[in-house]
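Order of the sequence lines sets the chain letters (A, B, ...), proteins ahead of strands, with each chain counted from 1.
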2 protein chains.
Amino acid sequence: MLNDHTWRFSFPGLENLSPAVSDLLNKQAVPAVLKKDAVIFGPGKPAENLLLLGSGTVRVQQLSESGREIVLYRVHAGESCVLTTACLLAFEDYSAEGVAETNVEAILIPRDTFDKLMAVSIEFRAFVFEAYSKRITDLFMVIEEIAFKRMDIRVAQKLLDFQDAHKALHVTHQQMALELGTAREVVSRQLKEFERRGWLTLSRGLIELRDPAAIGRLAQAS
Amino acid sequence: MLNDHTWRFSFPGLENLSPAVSDLLNKQAVPAVLKKDAVIFGPGKPAENLLLLGSGTVRVQQLSESGREIVLYRVHAGESCVLTTACLLAFEDYSAEGVAETNVEAILIPRDTFDKLMAVSIEFRAFVFEAYSKRITDLFMVIEEIAFKRMDIRVAQKLLDFQDAHKALHVTHQQMALELGTAREVVSRQLKEFERRGWLTLSRGLIELRDPAAIGRLAQAS
DNA sequence: GCGGTTCTTGTGACAATGTCACAGACAGGT
DNA sequence: ACCTGTCTGTGACATTGTCACAAGAACCGC
């Protein structure tokens with residue numbers, strides 16, 4: 001599916017390119033496949049290409065010295081991973097990394113092609129700037145959450161966000177803690193408290209929501 | 001100083017523009033002066049221009065519903081404030097705002113001139129992308145700090161960062177708390193503890209460092 | 001099955017941080 | 001001096017983070 005030029009239909013932001021630009025993109029872009037859990041960029045791994053995701057998701061997370069982590073945001077199909085070009089281009093050492101959360105089909109755009117596209121296409125520029133804006137607002141939201149929001153509310157929100165079609169979550173407490181940037185014990189305690197209230201039931205690697213409405217009411221609380 | 005075209009010498013990132021590009025910039029850029037404490041952008045204040053700071057600083061901060069705040073980063077002379085164009089261009093409601101921390105001399109670049117410059121100048125593109133990268137890494141560092149670092153260490157670091165030539169800080173505890181995204185009482189307690197150890201002396205609106213070396217040792221601690 | 005191993009979860013004790021309610025201290029104006 | 005608003009100090013308590021450790025559950029080889 002990625003070796004012809006149909007892949008670009010996955011990118012709503014790139015629909016209105018002029019034929020010449022479209023052509024350039026088709027000629028220079030390199031399809032690639034990344035395996036689940038591959039580290040796409042990270043401390044000491046400079047990236048040379050802009051990444052466009054055709055399928056799958058990439059998780060961007062921050063590591064701390066003490067071993068704790070927090071998920072900053074996810075890049076989904078149809079979006080570009082601007083960090084690979086911009087953030088890693090020059091700046092000081094920081095410890096964010098990007099990991100393929102599933103198998104990923106992606107398009108690599110080399111640096112000079114990227115630059116050419118920025119020069120010739122207003123649509124491409126809009127596409128890139130939207131990506132940047134989205135990432136920055138994502139980071140703002142993360143900061144707001146960790147700096148100002150109560151942990152029980154954040155746990156409740158994650159439960160609702162991550163539940164599947166059967167109101168269940170196949171995650172460990174440790175994985176929840178990583179999402180929230182806190183310690184596993186904190187998550188365990190909150191979940192246990194929710195279980196005590198009858199809002200959910202816990203088993204190994206599985207959380208089943210029994211009263212999503214109640215959880216939702218907590219998640220709404222200021 | 002801003003009504004001729006000498007202002008551009010303040011911007012190291014814009015030194016190597018070609019004459020034609022330089023000319024465009026000189027013709028279209030609009031000098032402006034912003035008073036101290038002016039709100040440059042914020043919730044419900046869309047901005048239409050890219051801002052280049054000739055002098056002064058702009059503080060970008062996040063507000064919470066509960067009234068607490070945190071400083072995200074500062075824009076200094078010679079830098080561009082990318083949020084004014086990109087972040088506010090479309091996205092959902094968030095509550096960051098930019099405030100002139102001093103009187104500010106700035107250059108406004110209208111949206112279409114900005115776009116033109118992005119199209120024609122590789123140097124200008126590099127300038128803009130560096131600005132974006134810097135902001136994103138700034139935000140990463142803020143997240144790392146508030147999520148993973150101990151408060152006593154963060155207070156110690158701020159003391160060293162903000163001290164003047166006489167090892168003193170003319171700030172209130174409330175202002176320190178805003179920098180750190182915490183409550184005033186927490187800062188007061190930490191400072192009192194430092195005073196007890198003989199590291200500094202406290203008086204109303206003034207902190208005088210007595211043993212910066214000791215404070216530095218704490219600031220270094222993992 | 002059985003023992004060994006690893007991953008996951010539970011828990012208590014304690015430290016660090018955040019919240020709330022006040023009181024007192026200080027500076028400036030009148 | 002008095003009033004007023006701002007700034008600082010403090011105790012009590014709630015929430016969150018850290019540490020140490022134990023118990024359960026899944027998995028594997030045998």
Side-chain angles (χ1 to χ4, degrees), chain A residues 37 62-70 142-159 168-197 200-208 218 221-222, chain B residues 37 62-70 143-159 168-197 200-208 218-219 221-222:
Chain A
D37 295 329
Q62 174 97 4
L63 314 174
S64 84
E65 306 161 1
S66 57
R68 266 170 55 200
E69 310 180 22
I70 182 168
V142 169
I143 290 174
E144 166 142 24
E145 298 251 305
I146 59 183
F148 302 135
K149 290 244 185 99
R150 295 171 49 91
M151 188 56 70
D152 52 355
I153 293 171
R154 295 176 58 207
V155 170
Q157 287 171 342
K158 286 289 171 207
L159 288 171
L169 297 87
H170 293 268
V171 295
T172 66
H173 299 180
Q174 180 60 58
Q175 287 172 311
M176 289 276 293
L178 187 156
E179 295 290 331
L180 296 162
T182 186
R184 193 266 311 165
E185 297 93 318
V186 174
V187 173
S188 289
R189 274 199 300 240
Q190 284 299 340
L191 291 175
K192 207 68 193 164
E193 170 62 20
F194 290 172
E195 186 179 45
R196 199 193 57 74
R197 296 182 199 168
L200 46 76
T201 53
L202 297 173
S203 43
R204 187 187 173 94
L206 177 67
I207 304 169
E208 293 167 288
L218 176 58
S222 75
Chain B
D37 295 328
Q62 175 96 5
L63 314 173
S64 84
E65 306 161 359
S66 57
R68 266 170 57 200
E69 309 180 23
I70 182 168
I143 290 174
E144 166 143 25
E145 298 249 307
I146 58 183
F148 303 134
K149 291 244 184 99
R150 295 167 47 92
M151 189 55 73
D152 52 355
I153 293 171
R154 295 177 58 206
V155 171
Q157 288 172 341
K158 286 290 171 205
L159 287 171
L169 297 87
H170 293 268
V171 296
T172 66
H173 299 182
Q174 179 61 60
Q175 286 170 312
M176 289 277 291
L178 187 155
E179 295 290 332
L180 296 162
T182 185
R184 195 264 313 162
E185 297 92 318
V186 174
V187 172
S188 288
R189 274 199 300 240
Q190 283 299 340
L191 292 175
K192 207 68 194 165
E193 170 63 17
F194 291 172
E195 186 179 46
R196 199 193 56 73
R197 296 183 198 168
L200 47 74
T201 53
L202 297 172
S203 44
R204 189 187 173 94
L206 177 66
I207 303 170
E208 291 168 288
L218 176 59
S222 76

Taking C-beta and beyond as the side chain, do [X] and [Y] meet within less than 4.5 Å on heavy atoms?
X	Y	result
A/Glu145	A/Leu180	no
B/Leu202	B/His173	yes
B/Thr182	B/Met176	no
B/Leu218	B/Val155	no

To the nearest 0.5 Å, tell me how far [X] [atom1] sits from [Y] [atom2].
X	Y	atom1	atom2	result
B/Ile207	B/Phe194	CD1	CZ	10.0 Å
A/Arg154	A/Lys158	CZ	NZ	7.5 Å
B/Glu195	B/Gln190	CD	CD	13.0 Å
B/Glu185	B/Gln174	CD	CD	8.5 Å
A/Glu208	A/Leu169	CD	CG	10.0 Å
A/Lys149	A/Ile143	NZ	CD1	13.5 Å

Measure the distance from [atom1] on [X] to [atom2] on [N] and round it to the nearest whole Å.
X	N	atom1	atom2	result
B/Glu193	C/dA16	CD	P	10 Å
A/Leu169	C/dT9	CG	P	12 Å
B/Arg150	C/dC14	CZ	P	18 Å
A/Asp152	C/dG18	CG	P	16 Å

(message) Using the side-chain hydrogen bond (donor to acceptor under 3.5 Å, both in side chains) criterion, which residues pair with A/Arg184? Sequence neighbours excluded.
(response)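 Checked A/Arg184 against side-chain hydrogen bond (donor to acceptor under 3.5 Å, both in side chains); matches are A/Ser188.
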(message) Short of 4.0 Å, heavy atom to strand atom, which residues of residues 180-192 of chain A count as contacting DNA chain D?
(response) A/Thr182, A/Glu185, A/Val186, A/Arg189, A/Gln190
(message) Please compare A/Gly205 and A/Ala147 by the position of their nearest nucleotide in DNA chain C and report the one closer to 5'.
(response)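 Between the two, 5'-proximity favours A/Gly205.
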(request) Could you pick out which residue, A/Glu195 or A/Phe148, lies toward the 5' side of DNA chain C when each is mapped onto its nearest nucleotide? (result) A/Glu195
(message) With a strict under 4.0 Å distance from non-hydrogen atoms of chain B, what nucleotide opens and what nucleotide closes the contacted stretch of DNA chain D, reading 5' to 3'?
(response) D/dG5 to D/dA12
(request) Could you tell me whether B/Arg154 contacts a base, only the sugar-phosphate backbone, or nothing, with contacts defined as non-hydrogen atoms closer than 4.0 Å? (result)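 It contacts nothing in the nucleic acid.
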(request) Could you list by number each residue of residues 171-179 of chain A showing a heavy-atom separation from DNA chain C of less than 4.0 Å, or answer none if no residue does? (result) A/Thr172, A/His173
(request) Identify whether the distance between the nearest side-chain nitrogen and carboxylate oxygen of B/Arg189 and B/Glu193 falls below 4.0 Å. (result) no
(request) Using a 4.0 Å cut-off on protein heavy atoms (strictly under), produce a 5'-to-3' string for nucleotides 25-30 of chain C with B for base contact, S for backbone-only sugar-phosphate contact, and - for none. (result) BBS---
(request) Name all residues meeting the salt bridge (Lys or Arg N to Asp or Glu O under 4.0 Å) criterion together with B/Glu69; count only those two or more places apart in sequence or in a different chain, and write none if there are none. (result)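 None.
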